[in-house]
Amino acid sequence: MATLLYRLGRASFRHRKLVIALWLAVLAAVIAAMSLFGGIGKLNDDFSIPGSESQQALDTMGREFPGTDGTSAQLVFTAPAGQKVTDPQYAAAIDQTLAGAAKAPQVVKVTQPAKAGTISADRQVAVAQVSYRVVKDDLNSTSLDKLDVAAAPARSAGLDVDLGGAALGGGGAQPGAQDLIGVGVAVIVLAITFGSLLAAGMPLLTALVGVVAGVAGVLSLTGVAAISSTALTLALMIGLAVGIDYALFILTRHRSQLAQGDDPEHAAGLATGTAGGAVVFAGLTVIIAMAGLSVVGIPFLTVMGLSAALAVFAAVAVALTLLPAILGFAGRRLAPKPGSRAARREQDVVEGPKMGKAVNAGEKWVRLATAKPWLTILAVLAALGALAWPAKNLTLALPDNGSAPAHTSQRAAYDTIDNAFGPGFNGPLIVLAGTSGTANPQQVAAVIAKDLGALPNVAAVAPPSLNDAGSYAIVQVVPKSAPDSKATQDLVTSIRDKEASLAKETGAGIRVTGKTAVSIDVSAQLSSALVPFGAVVVGLSLLLLLIVFRSIVVPIKAALGFLLSIAATFGAAVTVFQNGHFQGLVGADGATPIASFLPVVVMAVLFGLAMDYEVFLVSRIHETYHHTRSPLQAIHTGARHSARVVTAAALIMISVFAAFVHSESMILKQIAFALALGVLIDAFIVRMTLVPAVLALTRHAAWWLPGWLAKRLPDLDIEGTRLAQNPQPAGPAPAPAEAHR
C-alpha cells in the first residue's frame, strides 16, 4: 500500500494543475447538485423508528384522526402574582389571542384551555394547544413568528405568554460563526508546530476543500433522504477536524524529508506513502465505524453515520491528492530555513538531540511515563476508573424542551407547565385503542381510560376521543413523573403489559405512542444495540491492529485503552449533564439525560481517532525497534519523532470539537463535549502515557507474533518499510525544475 500511495503522491505533485482543476470541478459539481436538489431548507429533524409500536400508532393516528399528524405548539398564559387567568379581563384577552392564533399560517386547530382541562388548580396558568397541518420541518419560517404576534392582546392585558411545544423543540442546530473558534485555535497550533504561516495555512486550505465537498454532498441529498441538522453539523465538525489532522500528518513528514535535503517531489511521494498510510487506515476505520451505525436500524442514526462517513472520505481523498498537488506549487519554500527553530527541531528528530541538550517535551514525558511503568499504569487506571464510575448510572433519552437554553421561550413554557401542573404534563402518553368491532366504542374507550387511570404513577387521564367511524379512540395519559425519567419508562411498560388483559376485557387492542413513547422506544433500541456495536468496534480494532503491527500485545493494549477512554468519557458526560456538575463550563441549564444516540456516535468517532493516534505513535516505535531491537530506546525515539505531531493533532481536534460545545442544541452540545474530552483522554492519557508504559513493561514480548499466524496475515506495510528499502520505486519521471525552486 505504501508504494501505491507513494506513486499517487508523486503523480499528484507532478500533475498539480490537473489535480487542482479536477478538485475545482468536483466542488462545482457538488455545489450545483446542492443548489438543484437539496439545501439547508430541506433538513429534517424527525426522530422515529419505522416499525416500532409507537411509530405504527402515530401513523395510524395520522390516518384516522386528521390533523393529529402535524406538529403542535403551546401558548402558555401566566397571570400576575395574586391574579387568575379566569378573571374577566384576562379571560377576554386569552379568547382574543386564541382567535388570532386560529388564523395564523398553517394552523388547523386551537384547543381552549377550559376544554382541554389545562388550567392550573390555582387558576394562575392556562395552556392552549395549537395544532398545525404540517410536521415541524414543513413549517414556514414565519408561522411561529405570526403565532407569537397573535399573543399581543394577552401580553397587553398584563399576562406573560410563552410559546412552547414540539413545534419549537428540536435537537438540531445550524452551523454558525462561533464554530470558527476551533479554526482559529487550529491556526495558532499549526503556526507553532511548523514555525511557518505558509505551512500552517495548507492543512486549513485542504481541510476547507474537503469540508465543502463533504457538506455540499450531504446537502445535495436532502431532497431524497431525511437528513437532520445534527447530521449536517456532525459531518462538518468531524470533516473539519480530521481534514486538518490528516493534512498535518502528511505535511509534517514532507517537511522532515525536505529538512534532510530531499527532492520535493520525492519528499511529497514519501510523505504520502508513509504518513498517508496512517491517514488511509485512520480514515477507513472512521468510515467503517460511522457507516456501521446503520446496523442499529434507526434511519436518522444511519443517515447521521453515512453523512459523517462521506465527510471523512472527502478529507482522506483531499489529503492524498490535493495536498501533494499544493506541495508541488510550494516546492522548497516549505523547507525549514537553516538555523531556524523548525530546522533545529527537525534535525533533533532525525539525528537525536545533541550532546548535553535536553530531549523534546514529548520524549521527556514518555521517559517519565516509562521510568516506573507499573506505577504509571496503576495511576492511569485509577484516574480513568474514577472518571468512568458515574457512567454506571447512564440514562438515555432524546433531549426535549426541558433541556433548551434558559433564555428561550420553549424552556420558559416547559418550566411553567412543570411547576403549575407537574412534570408529566410536558410528556403525556397517547394510548391508541382499536375499538372497531366492539358493540359500544365509547363505553369501551371509557373502560380503558378508567383502567389506565388506576395504574401507579398516573396523574390524570383525559376523556377519550373517538374518530368519526368509531374504529379508534385516543386516550391521553399524563404521568406524575418527567418525560425522561425511569418512572415514566416503567409506566409505558406497564400500559403495554395490560394490552392482553384489556383486549380480553373490552375486545380492543391498545398501543402506546406520543413523543415521549417514541423517545423511550428510540432509547431502548439504542441501549440494546450499544453492547453489540461496542463488540464490533473493539473486535475490528483488534483485527486491524493485529494486521498492521503483527503483534498480539499491541492490539489488545489498544482495544483496552479505547474502552478506558470511552468509559471515562461517558462517566464525565454523566457527571456534567445528567448529574448537573460544572454546567457553567458547557453553558447548560439544569440536569438532563444523555442523548440516546451519543454513546454509539462517540464510540464510532473516537474509535477511528484512537486508532489514528495509535498507528502514528506506535508505528514510529515499531520502526525503531525493528532496527535497534532495544525496546526502551525504541519507545523514546518514537516519542521524539511523533509526540509533537500527535499533540498538535489532538489539540486541533479538541479545539474544533470544543467550539461546538456552546451550541444551543443539547444533542450537539453533548456530542461535542464528549468528543473533545474523549480526544483529550485518549491522546494524552492513554496513547501518550499508558501505551508507552505498557510497551516498556512488556518489552520484547510487545512485538511477538506466533509464526503460524504471521504467515497467514497480509502485510499492509503501513509504516512504509519497503519505501525505506527501495527509496525510489517506479513512478513518474523526476519533477520539473519549477518544483525545486
Side-chain angles (χ1 to χ4, degrees), residues 1-9 210 238-239 241-254 269-292 308-321 323-324 536-551 554-559 561-562 565 603-623 626 638 641-642 645-646 649-650 653 679 682-683 686-687 691 705 713-724:
M1 184 172 73
T3 301
L4 178 63
L5 292 174
Y6 172 89
R7 290 173 176 170
L8 177 62
I238 293 176
V242 300
I244 295 174
D245 271 12
Y246 293 166
L248 169 64
F249 292 156
I250 294 175
L251 184 57
T252 299
R253 186 61 181 259
H254 177 72
L270 194 62
T272 308
T274 53
V279 167
V280 171
F281 174 82
L284 283 178
T285 54
V286 178
I287 290 170
I288 292 171
M290 296 305 297
L310 178 61
V312 175
F313 175 80
V316 172
V318 165
L320 297 179
T321 57
L323 178 60
V536 170
V537 168
V538 172
L540 183 63
S541 68
L542 287 170
L543 178 61
L544 291 175
L545 290 176
L546 179 66
I547 295 173
V548 170
F549 292 112
R550 307 176 71 79
S551 159
V554 169
I556 292 176
K557 170 230 358 132
F562 168 70
S565 299
M603 284 178 66
V605 177
L606 282 186
F607 166 65
L609 302 183
M611 297 306 103
D612 189 357
Y613 300 141
E614 179 80 13
V615 169
F616 204 82
L617 178 64
V618 178
S619 61
R620 288 286 192 164
I621 298 174
H622 189 202
E623 183 180 350
H626 180 75
H641 279 273
S642 55
V645 68
V646 169
M653 283 276 189
V679 170
D682 194 86
V686 174
R687 306 303 155 188
V691 167
L705 184 70
L713 290 177
D715 187 0
L716 299 182
D717 191 27
I718 291 287
E719 299 158 14
T721 304
R722 296 191 188 96
L723 290 180

How long is the span from the [atom1] atom in [X] to the [atom2] atom in [Y], to the nearest 0.5 Å?
{"X": "T3", "Y": "L8", "atom1": "OG1", "atom2": "CG", "result": "12.5 Å"}
{"X": "M653", "Y": "Y613", "atom1": "CE", "atom2": "OH", "result": "4.5 Å"}
{"X": "T285", "Y": "L609", "atom1": "OG1", "atom2": "CG", "result": "8.0 Å"}
{"X": "L542", "Y": "F562", "atom1": "CG", "atom2": "CZ", "result": "11.0 Å"}
{"X": "E614", "Y": "F549", "atom1": "CD", "atom2": "CZ", "result": "6.0 Å"}

Those residues at least two apart in sequence (or on a different chain) that pass side-chain hydrogen bond (donor to acceptor under 3.5 Å, both in side chains) with T272 are none
Residues that S551 engages under side-chain hydrogen bond (donor to acceptor under 3.5 Å, both in side chains), provided they are two or more places apart = none
Indicate yes or no: at least one non-hydrogen side-chain atom of H626 is less than 4.5 angstrom from one of I621.
-> no
What's the shortest heavy-atom distance between [X] and [Y], and which atoms?
{"X": "D682", "Y": "S565", "answer": "OD1-OG, 2.7 Å"}
{"X": "A311", "Y": "G239", "answer": "CB-CA, 4.1 Å"}
{"X": "A319", "Y": "P324", "answer": "O-CD, 3.4 Å"}
{"X": "L617", "Y": "R687", "answer": "CD2-O, 2.9 Å"}
{"X": "L323", "Y": "L251", "answer": "CD2-N, 4.3 Å"}
{"X": "V316", "Y": "G283", "answer": "CG2-CA, 3.8 Å"}

Would you please test F607 and V286 for side-chain contact (heavy atoms from CB on, under 4.5 Å) and show each step?
-> CA-CA 7 Å; F607 166 65; V286 178; over 6 Å; no
Verify, without hydrogens or angle tests, whether R550 (side chain) and L713 (backbone) share a donor-acceptor contact under 3.5 angstrom.
-> yes
For F313 and L284, run side-chain contact (heavy atoms from CB on, under 4.5 Å): C-alpha distance rounded to whole Å, both residues' side-chain angles, the deciding distance at 0.1 Å, then the answer.
-> CA-CA 8 Å; F313 175 80; L284 283 178; over 6 Å; no
Which residue, T274, L5, V279, forms the side chain to side chain contact (heavy atoms under 4.5 Å, CB included) with I250?
-> V279
